[in-house]
Amino acid sequence: MDGASSFVLVLLKAVSPSWTPLLVARALLGVTLAGLPAVAMTYLSEEVHRESLVFAMGPAT
C-alpha cells in the first residue's frame with residue numbers, strides 16, 4: 001500500500017459512524033504504515049553511497 005491509501009484510511013477514520021469502522025480503518029492504517037520504514041531504508045541503501053549510508057539512516061538506538 002502507498003501514501004494515497006493511508007490518506008484514504010485517515011479520511012475514513014474521520015467520518016466513521018461507529019466504533020467498528022473506526023477500528024477496522026485504524027488496523028488497516030497500522031498495516032499500511034508498518035512497511036514504510038523498511039521501504040525507505042531499502043531505497044536509501046540503493047541510492048546512497050555505502051560509506052554515507054549510516055549517516056543517512058541515522059543511529060540505531
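Position 1 is the first residue of the sequence, and the numbers go up from there. Fair warning: this is a prediction, and the values are worked out from it, not measured in the lab.
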Any chain of hydrophobic side-chain contacts (each under 4.5 Å) joining [X] to [Y]?
{"X": "Leu22", "Y": "Leu28", "result": "no"}
{"X": "Val48", "Y": "Met41", "result": "yes"}
{"X": "Val31", "Y": "Leu23", "result": "no"}

Is the shortest side-chain heavy-atom distance between Leu33 and Ser6 below 4.5 Å?
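Yes, at least one pair of side-chain atoms sits under 4.5 Å.
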Interatomic distance, Leu29 atom CG to Phe7 atom CZ [nearest 0.5 angstrom]
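Output value for this atom pair is 12.0 Å.
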Rounded distance [0.5 Å steps], CG in Leu53 versus CD in Glu46:
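If I round to the nearest 0.5 Å, the distance is 11.0 Å.
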In terms of heavy-atom contacts, does CE of Met57 have more than 12 from other residues, nucleotides or ligands at under 6.0 Å?
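Yes, because the 6.0 Å sphere around CE of Met57 holds more than 12 heavy atoms from other groups.
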Minimum-distance pair of heavy atoms, taken over all atoms of Ser5 and Thr32
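In this case the closest contact between Ser5 and Thr32 is OG-CG2, 3.8 Å.
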